[in-house]
Amino acid sequence: MNNIDLMNYWFESADNDFDTMKVLLENKKNTWCLFVGHLVIEKLLKGLYARNNPENPIVPKTHNLILLSQKANLNVPNDIREKIQIINTFNISARYDDYKKSFQEKCTDDYTYEQVNNIEEVQRWLKQQ
């Protein structure tokens, strides 16, 4: 696959995960909603990495959104970078048992809705790139 095919693959997968995130939100599965929201942003960043690195479009095997945004050669504004830093924590917090309990307590409906709004804002910004 060339870099544009890979970008499209990652973007389509991100769109599917976005739909899943919304279903989880509607069903108040807050921790998994935010975990999948992290995947949405991760896959968009991986798509942009592929597009911006045509000589080597195979993305690094990482879930770190900060690292991916750097490797994708994006000029991320501070407000988006701050949101990405928060979203970055959802991967670890929802995945590992020692973090899950405190993350579940943090993921009230209000917090989850606020973070889904942030995920949507970052998603829009990334898609404009």
Side-chain angles (χ1 to χ4, degrees):
M1 273 202 256
N2 67 33
N3 67 316
I4 300 304
D5 291 337
L6 281 170
M7 180 192 72
N8 289 332
Y9 163 80
W10 287 113
F11 275 33
E12 288 174 24
S13 185
D15 287 344
N16 288 334
D17 287 347
F18 183 83
D19 293 341
T20 300
M21 179 190 73
K22 294 300 242 178
V23 169
L24 290 166
L25 180 65
E26 289 170 14
N27 288 285
K28 298 192 183 280
K29 303 296 184 189
N30 294 350
T31 56
W32 286 110
C33 169
L34 295 180
F35 175 78
V36 173
H38 175 282
L39 290 176
V40 170
I41 302 307
E42 178 182 332
K43 290 175 180 182
L44 290 171
L45 286 167
K46 287 181 174 184
L48 290 170
Y49 173 90
R51 184 199 68 197
N52 294 343
N53 292 281
E55 68 289 342
N56 183 21
I58 305 301
V59 298
K61 294 188 185 299
T62 183
H63 304 293
N64 185 321
L65 304 180
I66 306 304
L67 180 63
L68 287 169
S69 65
Q70 292 168 347
K71 292 201 173 278
N73 300 316
L74 298 174
N75 187 15
V76 182
N78 286 336
D79 62 321
I80 298 295
R81 179 175 284 114
E82 289 171 7
K83 288 173 175 51
I84 289 173
Q85 288 173 332
I86 293 168
I87 296 165
N88 198 45
T89 67
F90 302 158
N91 179 49
I92 300 296
S93 298
R95 182 173 284 188
Y96 298 106
D97 287 334
D98 49 338
Y99 292 95
K100 276 186 188 176
K101 185 165 177 31
S102 62
F103 189 55
Q104 286 171 340
E105 292 170 1
K106 186 177 188 176
C107 290
T108 63
D109 290 345
D110 288 342
Y111 179 80
T112 302
Y113 281 106
E114 175 186 350
Q115 295 308 319
V116 166
N117 286 334
N118 288 337
I119 290 165
E120 289 172 334
E121 184 178 340
V122 173
Q123 176 200 38
R124 282 190 301 273
W125 185 84
L126 290 171
K127 285 189 167 195
Q128 291 173 355
Q129 303 312 302

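Keep in mind the model is a prediction, meaning the values are calculated, not measured. Along the sequence shown, residues are numbered consecutively beginning with 1.
- With rounding to the nearest 0.5 angstrom, the OG1 atom of Thr31 is 12.0 Å from the CD atom of Glu105.
- Of the inter-residue distances, the one linking Lys127 atom NZ with Gln123 atom CD reads 5.0 Å to the nearest 0.5 angstrom.
- Under the 30°/60° scheme for interplanar angles, the aromatic rings of Phe35 and His38 are found to lie parallel.
- The distance from the CD atom of Gln115 to the CD atom of Glu120 is 11.5 Å, given to the nearest 0.5 Å.
- A salt bridge links Lys46 with Glu42: the distance from a Lys NZ or Arg NE/NH1/NH2 to an Asp or Glu carboxylate oxygen falls below 4.0 Å.
- Under a hydrophobic clustering in which Ile, Leu, Val, Met, Phe, Trp and Tyr are joined whenever their side-chain heavy atoms come within less than 4.5 Å, directly or via other members, Met1 and Met7 fall into different clusters.
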Task: side-chain contact (heavy atoms from CB on, under 4.5 Å) evaluation trace for Asn30 with Asp109 - done: CA-CA 7 Å; Asn30 294 350; Asp109 290 345; 3.0 Å; yes

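- Residues Leu65 and Asn91 have side chains not in contact (no heavy-atom distance under 4.5 Å, counting atoms from C-beta outward).
- Residues Lys71 and Thr62 are not in side-chain contact: their nearest non-hydrogen atoms beyond the backbone lie 4.5 Å or more apart.
- Proximity of Asn52 to Leu74: side-chain heavy atoms (C-beta onward) are separated by under 4.5 Å at one or more points.
- Contact detail for Gly37 and Ile119: the closest heavy-atom pair is CA-CD1, 3.6 Å.
- Under the 4.5 Å side-chain contact rule for hydrophobic residues, Tyr9 and Leu126 do not share a cluster.
- What you find for Thr112 and Cys33 is that their closest heavy atoms are CG2-SG, 4.1 Å.
- Counting heavy atoms from C-beta on, the side chains of Leu25 and Tyr113 come closer than 4.5 Å.
- Of the inter-residue distances, the one linking Asn78 atom CG with Lys83 atom NZ reads 11.0 Å to the nearest 0.5 angstrom.
- To the nearest 0.5 Å, atoms OH (Tyr111) and CZ (Phe103) are separated by 6.0 Å.
- Here the closest non-hydrogen pair linking Ser13 and Lys43 is OG-NZ, 2.9 Å.
- Under the 4.5 Å side-chain criterion, counting only non-hydrogen atoms from C-beta, Ile84 is in contact with Ile66.
- When every heavy atom of Val59 is checked against every heavy atom of Tyr49, the shortest pair comes out as CG1-CD2, 3.4 Å.
- For the pair Asn27 (side chain) and Lys29 (backbone), a donor-acceptor distance under 3.5 Å is absent.
- The distance from the SG atom of Cys107 to the CZ atom of Phe90 is 6.5 Å, given to the nearest 0.5 Å.
- Looking at heavy atoms from C-beta onward, Leu44 lies out of side-chain contact with Trp10 at the 4.5 angstrom threshold.
- With a 4.5 Å cut-off on side-chain heavy atoms, Leu34 and Val116 count as touching.
- Without hydrogens or angle criteria, Asp17 side chain to Val40 main chain gives no donor-acceptor distance under 3.5 Å.
- At distances below 3.5 Å, not a single donor-acceptor pair connects side-chain atoms of Thr89 with backbone N or O atoms of Gln85.
- When atom types are taken as modelled, the side chain of Arg81 and the backbone of Val76 share a donor-acceptor pair closer than 3.5 angstrom.
- Considering all non-hydrogen atoms of both residues, Asn3 and Arg51 come closest at ND2-O, 3.0 Å.
- The two residues Asn53 and Ala72 have their closest heavy-atom pair at ND2-CA, 4.5 Å.
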